Protein chains: 2
Amino acid sequence: MSQHRHPGAPGRAGAVPTLPDLPEATVARLPEYLRALHNLADAGHETVSSEGLSAAAGVNSAKLRKDLSHLGSYGTRGVGYDVALLIEQIEYVLGLTQRRAVALVGVGNLGHALAGYDGFASRGFRIAALLDADPSRVGEEINGLVVRHVDDLPTVAAEESLAIGVIATPAAAAQQVADQLVAVGVTSILNFAPCVLSVPEGVDVRKVDLAIELQILSFHEHRKASLTALPATGGTAFTALPGGFAATDTQEAIGT
Amino acid sequence: MSQHRHPGAPGRAGAVPTLPDLPEATVARLPEYLRALHNLADAGHETVSSEGLSAAAGVNSAKLRKDLSHLGSYGTRGVGYDVALLIEQIEYVLGLTQRRAVALVGVGNLGHALAGYDGFASRGFRIAALLDADPSRVGEEINGLVVRHVDDLPTVAAEESLAIGVIATPAAAAQQVADQLVAVGVTSILNFAPCVLSVPEGVDVRKVDLAIELQILSFHEHRKASLTALPATGGTAFTALPGGFAATDTQEAIGT
DNA sequence: AGGCGCTTGTGAAGACGTGCACAAATCGCG
DNA sequence: CGCGATTTGTGCACGTCTTCACAAGCGCCT
């Protein structure tokens, strides 16, 4: 092995957090790899090949290898990757070695569900506070946490360092909540409200919008429908495809 | 420009559904434009410039223009885009002229919230059925819909043509549900379960995973933290930003 | 009518992401 | 010890997406 100045030294984070700046696309896939790796570990595998892991994560094996190579990963040629080590590596890079505190704002329909979602806890996060602007909701207990008023954010932030804010309010309130989050030092926001947030530089926003996902699927439905109507480029306007839909197969897998 | 054989003829879908095959990246943004356009329409605007619309949708104006140009859009130079017309265009392309029926499988924590989410109805979709595998949940009424057993899927599909299936079950059940959905002819699936689904060609799957989003944010947090540790080029490691944070608005917008 | 300012639509260049295909490395076995 | 089977890591070519910059078109004003 040459020098391989392995970047993050998960074994011991001495004082050189040389985070390689990964391509954004790679970052977006790492969590998927991580989940697949945990599954493999639970199933008792100690090593896994790029082929095996990529299948479990639903990607191309070359892509997987390139992704892992970006974080200076340790695989052994002829053998594969050490599952436990790789988990450690990825968790380190993703900053999951510390359990980050999440503030959830908006305990309505969706927020309520998120508050009860166990995927938070099981994947490296801890809901530190539930907040809502509606006084009638304040005081309600959900999943062991008491809902506080959103104006208490400064207090909450003083109690513990909030890393991430989740906005699950109606669109109309989202921008104001975002401002409040930013004001108390939150620099990462996950926004479920269907609107664009404007935040200062240095603050990351990711958006999840249910309706958008559905509309994208709708487009592909529409497309598939119109394709079965006019099958090919050439002539032959109709194929009818009566009852069955059979094997209309064309490739798929929508890019993220 | 020459003929502008405008693609979808939203006015009248005569018999030529010449869906242009849009770049996937464009498709993913169209819903955002659509939402922004609806806001503008509600605010009374009749036309909007690419600059204005792109700001409302949180993208670059050149990108917006190129996106719209792909669907053979109608803007007027020197004026802008006709809001109502553009809405019609985009809705047509996305296949939203018909209200698509959605089957929601898994009425647990998250599924319950989704069932009550009004963004479904308001943005072109209709929940046609709630399904669950747990017999103790069958019969429960949510938001005016009665939960049926997932094995009734064939019956449900016979009653009305299901376009899209939403999976909100635990990961362990997701693949089986997906198989069942595919078996009754569903060709688009929105998967909230944290696992990879394998489906036949021709079936589109989109995945939404809360924990993944958080982990991506976590990476950027980690990164920002390690950058402030080694201030590097800029200098001034700390800006403190006491109370105020001013209006530095440049949104971040992480690539999807 | 003509000119001027504004805005769209797009060519071209560059950045980014993907996938192939293969050399380099490692293990196990005879 | 050497060889073959296996699997990683990566150079390269290709396709997609983004962004700039500007010509073409449109409306308005004089």
Side-chain angles (χ1 to χ4, degrees), chain A residues 1-7 20-30 32-33 37 40 45-83 85-86 89 251-256, chain B residues 1-7 20-30 32-33 40 45-83 85-86 89 250-256:
Chain A
M1 56 200 64
S2 45
Q3 263 315 49
H4 253 182
R5 100 178 185 313
H6 84 199
D21 50 349
L22 309 178
E24 205 34 54
T26 295
V27 175
R29 282 186 294 264
L30 287 181
E32 195 70 55
Y33 302 155
L37 283 165
L40 288 168
H45 292 74
E46 299 204 341
T47 66
V48 63
S49 69
S50 67
E51 201 64 47
L53 181 52
S54 68
V59 304
N60 175 309
S61 73
K63 200 185 320 200
L64 174 100
R65 286 198 299 276
K66 187 151 291 189
D67 283 341
L68 294 186
S69 79
H70 280 130
L71 42 90
S73 144
Y74 280 42
T76 6
R77 294 160 124 115
V79 177
Y81 298 91
D82 182 293
V83 172
L85 179 59
L86 200 46
Q89 279 261 1
Q251 95 302 10
E252 225 57 85
I254 305 175
T256 297
Chain B
M1 46 249 33
S2 36
Q3 265 315 50
H4 247 182
R5 86 167 192 319
H6 85 198
D21 50 348
L22 309 178
E24 201 42 48
T26 296
V27 174
R29 282 186 294 264
L30 287 180
E32 196 68 55
Y33 302 156
L40 288 168
H45 292 73
E46 297 203 343
T47 65
V48 63
S49 70
S50 68
E51 202 63 48
L53 181 52
S54 70
V59 302
N60 174 308
S61 72
K63 199 183 322 198
L64 173 97
R65 286 199 299 277
K66 185 147 288 187
D67 282 342
L68 294 186
S69 80
H70 281 130
L71 42 89
S73 143
Y74 279 43
T76 335
R77 291 165 192 232
V79 177
Y81 298 92
D82 180 294
V83 172
L85 179 59
L86 199 47
Q89 280 261 2
T250 329
Q251 92 285 44
E252 203 75 303
I254 304 173
T256 298

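Residue numbering restarts at 1 for every chain, and letters A, B, ... go by the order of the sequence lines. Worth knowing before you read on, the calculation uses all heavy atoms, side chains too, and leaves out hydrogens, waters and symmetry mates. None of these values were measured; they are calculated from a predicted model.
- Here C/dT18 is the nucleotide among C/dT18, C/dG19, D/dT18 with the atom lying nearest to any side-chain atom of A/Ala25.
- Taking side-chain N and O atoms only, A/Asn60 has a distance below 4.0 Å to OP1 or OP2 of C/dG19.
- Between A/Lys63 atom NZ and D/dT10 atom P the separation is 18 Å, expressed in whole Å.
- To the nearest 0.5 angstrom, B/Thr26 atom OG1 is 9.5 Å from B/Lys63 atom NZ.
- Here D/dG11 presents its C1' atom at 12 Å from NE2 of A/His70, a figure rounded to the nearest Å.
- One can place CG of B/Leu71 at 14 Å from C1' of C/dT8, the figure rounded to the nearest angstrom.
- Here the rule is side chain to side chain contact (heavy atoms under 4.5 Å, CB included) with A/Val48, and of A/Leu53, A/Asp82, A/Val79 only A/Leu53 fits it.
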Strictly under 3.5 Å: I want the nitrogen or oxygen pairs between protein and nucleotides 4-8 of chain D, one per line.
residue	atom	partner	partner atom	Å
D/dT7	O4'	A/Gly78	N	3.0
D/dT7	O2	A/Gly78	N	3.4
D/dT8	OP1	A/Ser50	N	2.4
D/dT8	OP2	A/Ser50	OG	2.6
D/dT8	O2	A/Arg77	NE	3.0
D/dT8	O2	A/Arg77	NH2	3.2

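- Residue-to-nucleotide proximity on DNA chain C shows that, of A/Asp67 and B/Ala62, the 5′-proximal contact is made by B/Ala62.
- The base of C/dT18 does not come close enough to the side chain of A/Lys66 for any donor and acceptor atom to sit less than 3.5 Å apart.
- Of the listed residues (A/Ser50, A/Ser69, A/Ser49), just one forms a side chain to side chain contact (heavy atoms under 4.5 Å, CB included) with A/Leu64, and that residue is A/Ser50.
- The stretch residues 65-76 of chain A participates, sequence neighbours left out, in these salt bridge (Lys or Arg N to Asp or Glu O under 4.0 Å) pairs: A/Arg29-A/Asp67.
- Distance CG (B/Leu64) to P (C/dT10): 14 Å, rounded to an integer number of Å.
- Between A/Asn60 atom CG and A/Glu51 atom CD the span is 8.5 Å, to the nearest 0.5 Å.
- B/Leu86 contributes atom CG, which lies 9.0 Å from atom CG of B/Leu30 (distance to the nearest 0.5 angstrom).
- The interatomic distance linking B/Leu53 (CG) with C/dC6 (C1') rounds to 17 Å, in whole Å.
- The distance between atom CD of B/Glu24 and atom C1' of D/dT16, rounded to the nearest whole Å, is 12 Å.
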